[in-house]
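Below is one structure, written out as structure tokens; comments come after it.
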Amino acid sequence: MARIAGVTSGGNDYFRDDLPVELIDELLTAEADVIEPLIRENAKKMLSGPYSTKLSAKALTRKKPEYGKDKTRELLFTWNEKRTKYIKNGVSKRRAATRNAEIAFINEYGSRNNPPRPFISDGIDRGEKSAFDNAEVIFRSWQEKNI
């Protein structure tokens with residue numbers, strides 16, 4: 001969701017290699033603190049209806065910041081658990097499980113039979129400015145202590 005490639009502040013350029021990992025993790029967490037409730041709120045609003053189980057909002061979780069494939073620190077949102085239902089095949093029953101992440105993806109981008117309901121991207125867009133402001137407060141306090 002969020003990555004830090006470089007931060008410019010007060011005429012000084014700070015790149016991720018110059019910043020301590022703890023600070024980058026704190027910045028990512030500060031941004032996620034703003035974005036996560038907005039995605040949850042959107043999931044509750046946009047994914048409601050007669051067939052809704054409300055599990056997309058409940059299953060949303062946040063991973064700890066870690067290094068991604070391109071060697072940048074990133075904090076990812078994911079959906080835990082699977083939804084299980086029993087399907088009757090004549091005499092026997094079998095369990096069919098669908099991951100909540102798959103359901104969230106289909107809701108976000110739509111499918112052949114369902115229109116897109118962009119609850120994730122809308123939450124990110126709505127919270128982008130306040131998430132940045134939240135992280136900026138932390139960065140500025142770090143900057144004052146270390147410069």
Side-chain angles (χ1 to χ4, degrees), residues 1-49 51-87 94-147:
M1 180 210 90
R3 290 190 177 139
I4 295 179
V7 179
T8 303
S9 177
N12 297 321
D13 286 337
Y14 299 95
F15 293 95
R16 67 175 183 253
D17 296 336
D18 299 336
L19 300 175
V21 172
E22 296 80 21
L23 174 64
I24 294 173
D25 291 352
E26 196 174 340
L27 295 172
L28 290 171
T29 302
E31 290 178 344
D33 288 343
V34 173
I35 299 294
E36 184 177 7
L38 295 174
I39 293 173
R40 240 181 248 291
E41 177 187 322
N42 280 352
K44 288 177 185 174
K45 286 180 187 175
M46 295 175 129
L47 308 179
S48 62
Y51 299 107
S52 175
T53 60
K54 309 255 187 269
L55 291 176
S56 289
K58 291 177 188 174
L60 177 65
T61 59
R62 173 192 326 179
K63 291 186 174 184
K64 291 181 181 179
E66 59 186 22
Y67 285 103
K69 291 179 183 176
D70 58 353
K71 306 293 187 232
T72 58
R73 292 295 281 180
E74 58 188 21
L75 184 146
L76 301 174
F77 291 109
T78 187
W79 279 261
N80 283 348
E81 306 168 7
K82 294 180 180 181
R83 298 184 193 187
T84 305
K85 65 180 179 179
Y86 290 94
I87 300 173
R94 70 177 179 88
R95 285 178 35 176
T98 305
R99 295 181 315 150
N100 281 319
E102 292 177 58
I103 294 168
F105 181 87
I106 290 170
N107 280 316
E108 177 75 12
Y109 296 104
S111 69
R112 192 177 304 156
N113 301 321
N114 298 317
R117 292 175 278 188
F119 69 103
I120 301 167
S121 58
D122 182 60
I124 292 170
D125 291 344
R126 283 190 321 145
E128 184 177 16
K129 172 94 173 82
S130 55
F132 178 79
D133 292 343
N134 204 20
E136 184 179 24
V137 169
I138 293 168
F139 180 74
R140 293 219 185 266
S141 70
W142 173 84
Q143 191 178 32
E144 287 172 8
K145 290 176 191 173
N146 295 297
I147 294 186

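- Side-chain contact check for Ile120 versus Phe77: every heavy-atom pair is 4.5 Å or farther apart.
- Remark: Arg140 does not engage Glu144 in a salt bridge, criterion side-chain N to carboxylate O under 4.0 Å.
- Summarising the geometry, atom CD belonging to Glu36 is positioned 13.0 Å from atom CD belonging to Glu41; distances are rounded to the nearest 0.5 Å.
- Side-chain contact between Val137 and Asp133 is absent, with no heavy-atom pair separated by less than 4.5 Å.
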As a quick check of understanding, evaluate side-chain contact (heavy atoms from CB on, under 4.5 Å) for Asn114 and Asn107, giving each step before the final call. CA-CA 8 Å; Asn114 298 317; Asn107 280 316; over 6 Å; no
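- When all heavy atoms of Pro65 and Asp25 are compared, the closest pair comes out as CB-OD1, 3.2 Å.
- Within the 3.5 Å criterion, the main-chain N or O of Ser56 finds no donor-acceptor partner in the side chain of Asn100.
- Atom CD of Glu136 and atom CZ of Phe139 lie 9.0 Å apart (nearest 0.5 Å).
- Contact of the Trp79 side chain with the Ile103 side chain is not registered, since no non-hydrogen atoms from C-beta on lie closer than 4.5 Å.
- Taking every heavy atom of both residues into account, Gly68 and Glu74 meet most closely at CA-OE2, 3.3 Å.
- Scanning both residues, Pro118 and Ser121, for their nearest heavy atoms gives CB-OG, 3.3 Å.
- Of all heavy-atom pairs spanning Ala135 and Leu27, the tightest one is O-CD2, 3.1 Å.
- Rounding to the nearest 0.5 Å gives a distance of 10.5 Å between OG1 of Thr29 and NZ of Lys64.
- The distance from atom CZ of Phe132 to atom CD of Glu31, rounded to the nearest 0.5 Å, is 8.0 Å.
- Across every non-hydrogen atom of Gly123 and Ile35, the tightest pair is O-CD1, 4.1 Å.
- Rounding to the nearest 0.5 Å places CG of Leu60 at 11.0 Å from CG of Asn42.
- To the nearest 0.5 angstrom, Arg73 atom CZ is 11.5 Å from Leu23 atom CG.
- Using a 4.5 Å cut-off on side-chain heavy atoms (C-beta onward), Asp122 and Leu38 make no contact.
- Met46 and Arg117 get closest at one heavy-atom pair: O-CD, 3.5 Å.
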